[in-house]
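Naming: A, B, ... by sequence-line order, numbering from 1 per chain. FYI, side chains are in, hydrogens and waters are out, and symmetry mates aren't considered; it's all heavy atoms of this structure. Keep in mind it's a predicted model, so treat the numbers as computed, not measured.
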Amino acid sequence: MDRRYDFRTIEAKWQKTWEDNNFFKVYEDKNKPKYYNLEMFPYPSGHLHMGHVRNYAIGDVVARFKTMNGYNVLHPMGWDAFGLPAENAAIRNAVHPARWTYANIENMKSQLKTMGISYDWDREVTTCKPDYYKFTQWMFLKLFENNLAYKKRSAVNWCPSCQTVLANEQVVEGCCERCDSMVEKKQLEQWFFKTTAYAQRLLDDLDKLPGWPEKVKTMQRNWIGRSEGCQFSLAIEGRAETLSVFTTRPDTVFGVTYMVLAPEHPLVEKLAAGKAQEAQVKAFIRKMKATSDMARTASDAEKEGVFTGAYAINPLNGEKVPIWIANYVLMDYGTGAIMAVPAHDQRDFDFARKYNIPIRVVIKSPDSPARGEEMAEAYAGEGVMVNSGDFNGLDVAEGQKRIIAYMEKHGIGQRTVNYRLRDWLISRQRYWGAPIPIVYCQDCGIVPVAEKDLPVMLPEDVEFKPYGESPLSYVENFYKTSCPRCGKEARRETDTMDTFVCSSWYFDRYCSPQESEIPFSREAVDYWMPVDQYIGGVEHAILHLMYARFFTKFLYDINMLSCEEPFTNLLTQGMVLKDGAKMSKSKGNVVSPEDIINTYGADTARLFILFASPPERDLEWSDQGVEGCYRFLNRVWRLVTAYADTISQVNIPASFAELDDEARKLRFRTHTSIKKVTEDIAGRFNFNTAISAIMELSNALGSYSDNEEQDLPVVKEAINTLLLLLSPFSPHICEELWQLSGNKESVCLQPWPVHDPAALLQDEVEIVVQISGKVRDRITVPAGLTEEQLRQIALASDKIKQLTQDKKIVKTIVVPEKLVNIVVK
RNA sequence: GCCGAUGUGGCGGAAUUGGCAGACGCACCGCACUCAAAAUGCGGCGGAUAACUUCCAUGCCGGUUCGACUCCGGCCAUCGGCACCA
């Protein structure tokens, strides 16, 4: 047989075979253990990039490996198809977002198919199709029904370039996550999902996810930002209103020397009204409005503020303290007001020094100054309370408890927990998204669309230009409707939903994607969910992964799901870099997957991307590395085709009797490779080392030259093993070679090989002899010797004798099968 | 500033439980095949040294240990996340 490795023909052939025979179609099968393997579905930008290739190559190895190990594997793919790029492209190229999106999906799907991934395409989910977004809207209605979707007017993040509002999670360092424009604050009435109602569970249940990277859990914990303390009220001198503040340090309440409100605080104007400071206060508010959030919240920003002219009364000591407003207090955390304790809070300290406000020490430790004037910085450490009336002498922890108890007893305040997490702002003033199923009626107010009337169809004939309002608000036959409750003329909500809503439940839909009356069947999700292995980029650590967890908990609560967490194990893959930087058009360092697949084939592309580094680490793209993997597959091709005819006539016996040295060495390599590859894939996803073990097997086969007839079963076993082990990585070439060497059934339907422990036994092992930890000799000995025997052999070695002759042997350490260490003096 | 990760040849990386540092691949060098080149095959490849089976070497300094890339303490650098969160 003398054919060269024609990857083009081979890959097309096997992709067709798999497809024609529905190889990857799965059904619920109670007789097999299930395995739900999921890669994050892509946004259909039109082209596959290397990050996708890496993501899906990793996923496919896991899927094929699990299938060969007897699992019933669900491995679906779909499209996160709503979103801004489609709309922007529509505006730029005068093409409808739907057409643009569907064309992209078609293109990416065919690119994906050339990768040869084992997807069950019958389960394909496309979030912009009415049969899907019908149920995204259904989710909204359920949340609304359960008081978890609400509308409110507040200061929201506005991206002037995207012309829409953004959720908190979508603002990165004050800029829009998508387009990097500086985000502005706007007062708008918007729809929110009450994620804060789930803050504690989202936090607690992270502990139930041992299969998640610590890094991601930490990021979510920080994002949720739980802090314990108390909230209490202060009277305002000469007014009926009270001022409410949150603090984590109630033990320092006797150290309060002033109060601070956020400039946006609703009380500010009232407090300053008629005071000498009124003009100053108004000017400061104006200035803050003009300052971007980014500039204002930068930690190195200079603290500034003004006195309002009003005073509050400290409820614990009756003291009158001035109320200021300052840039360093934010309206959207806590109550938008703080008690300031300059002696024990660095921010308050900086501010007090600048404006000559007294600094009073109330926590004293042996190594902290006793007087405010002596302090160089605030003291936030442990100590005992001083200058605190009846509470003097208590330590920080005890003081906090006692102060809170006192406040609760006297109705001043209570213990509270505050979260940094905000509710999820889900309305978007854009066209290409799922319409929010709500109607506004003059008489009935906010009325949800009836379930039977879903989906609220996105109209097609629309002018897309964003004017800061949803394009739907200009489409009369969309917004004009009748009230679902009273039937009178009413107006539809014209905002659409954040696309993260769509991606918060798609993994449930994959379980039964054909359902038309319900979002998913209970039976199907009970069989498949939760996802056993989820794979995707770490950039979703907070956004998507927290929203999906929120949805899952909600669906559990309304008895739609039996699991409370959607993803049991999470693998966050690293980025694909070129010349040390993320591939991007602007840097001109993009390598196109299409080119690579055309030049070397999908098997090579997949192999390289898995070989170049472990999946969680960033991967440096190397054209020469790709070349090396291509060479390796060519070597495998030559090796196997050279043997194919011979071994197709050979049977592998149930047990191997007498083998000569060469054959035994080859069997040893075959079985160590099985063991290594299995452990590397199953145990720790180290595909790079799994591939090197496969290469070692191939090298061993290559240098095996002793072709006696009676040893051919050993060769056949080695070749079969090589193909089986390599098949999850580079499936097409393995299918072809598997067939060429006389096998009838597809390689990917074979059971995963199991190593034979007997083949791993060696008659001889090399042990290292050290003197005081330095290698001084190597001796080949029979396997299985006792410690004492090894010690004697080591001491008997000429070299060791010579090196130890005038030394005193203090002790010897023996590690069986490995080493002897002789400690001398 | 806080939290987390990472740091090993010319390069990507390996060493899984404290036991031979550098597996596997790339690059490079030599040889074979060839008129020649490519492809392929064989061999070499951390540094020092004339040489060795000698010494040095896993970011830096120190410690524990018979033995440390691995454990402990202190630093440095790079990357990522959070950042006036009261």
Open item on the list: Using a heavy-atom cut-off of 4.0 Å across all strands, would you classify A:N699 as base, sugar-phosphate, or nothing?
Closed with: sugar-phosphate
Open item on the list: How many whole angstroms separate atom OH of A:Y630 from atom C1' of B:C24?
Closed with: 21 Å
- [ ] Pick the P atom in B:G74 and in B:C79, then give their distance to the nearest Å.
- [x] 24 Å
Open item on the list: Expressed as a whole number of angstroms, how long is the span from A:L234:CG to B:A86:C1'?
Closed with: 14 Å
Open item on the list: Students often get this wrong, so: under 4.0 angstrom with heavy atoms, is A:G225 touching a base, only sugar-phosphate, or nothing?
Closed with: nothing
Task: C1' atoms of B:A14 and B:U58, separation to the nearest Å - done: 12 Å
- [ ] Tell me yes or no: between the side chains of A:E169 and A:Y547, is some donor less than 3.5 Å from an acceptor?
- [x] yes
Open item on the list: Could you tell me how far apart A:R776 (CZ) and B:U53 (P) are, to the nearest whole angstrom?
Closed with: 11 Å
Open item on the list: Under 4.0 Å, counting only non-hydrogen atoms across every strand here, what does A:S622 touch: a base, just sugar-phosphate, or nothing?
Closed with: nothing
TODO: Using the C1' atom on both, measure B:A32 against B:A50 and round to a whole Å.
DONE: 31 Å
- [ ] Name all residues meeting the side-chain contact (heavy atoms from CB on, under 4.5 Å) criterion together with A:T721; count only those two or more places apart in sequence or in a different chain, and write none if there are none.
- [x] A:T670, A:I674, A:L697, A:E717, A:L725
- [ ] May I ask you to verify if any side-chain N or O of A:R226 is less than 4.0 angstrom from the OP1 or OP2 atom of B:C85?
- [x] no
Task: Torsion-based syn/anti label for B:G9, 90° from 0 as limit - done: syn
- [ ] Compare side-chain N and O positions of A:S227 against OP1 and OP2 of B:A86 and report whether any pair is under 4.0 Å apart.
- [x] yes
TODO: Would you tell me if any nitrogen or oxygen in the side chain of A:R638 comes within less than 4.0 Å of OP1 or OP2 on B:A39?
DONE: no
TODO: Please state the C1' separation for the pair B:C56 and B:C75 - nearest whole angstrom.
DONE: 23 Å
Task: Distance test, side-chain N/O of A:R684 to OP1/OP2 of B:A14, below 4.0 Å - done: no
Open item on the list: Counting the atoms with a prime plus P, OP1 and OP2 as sugar-phosphate, which does A:D350 contact under 4.0 Å by heavy atoms, base, sugar-phosphate, or nothing?
Closed with: nothing
Task: Base B:C82 to side chain A:N222, donor-acceptor N/O within 3.5 Å cut-off - done: no
TODO: Verify the contact: side-chain N or O of A:R617 to OP1 or OP2 of B:A14, cut-off strictly under 4.0 Å; return yes or no.
DONE: yes
Task: P spacing across the pair B:A83 / B:G63, given as an integer number of angstrom - done: 42 Å
- [ ] Just call it for A:E696: base, sugar-phosphate, or nothing, with non-hydrogen atoms closer than 4.0 Å on any strand.
- [x] sugar-phosphate
TODO: Please determine, by modelled atom types, if A:E627 and A:Y600 share a side-chain donor-acceptor pair under 3.5 angstrom.
DONE: yes
Task: Phosphate contact (B:C66 OP1 or OP2) by A:K811 side-chain N/O below 4.0 Å - done: yes
Open item on the list: For the P atoms, the ones on B:A57 and on B:A68, what distance do you get once it is rounded to whole angstrom?
Closed with: 11 Å
Open item on the list: Students often get this wrong, so: under 4.0 angstrom with heavy atoms, is A:E214 touching a base, only sugar-phosphate, or nothing?
Closed with: nothing
Open item on the list: By the 4.0 Å heavy-atom rule, please label A:V329 as base, sugar-phosphate, or nothing.
Closed with: base
Open item on the list: Please tell me if A:K774 has a side-chain N or O lying less than 4.0 Å from either OP1 or OP2 of B:C56.
Closed with: yes
- [ ] Could you run through RNA chain B and flag its stems, i.e. three or more consecutive Watson-Crick or G-U pairs with both distances under 3.5 Å?
- [x] B:1-7 with B:76-82, B:10-12 with B:24-26, B:28-32 with B:40-44, B:46-48 with B:54-56, B:59-63 with B:71-75
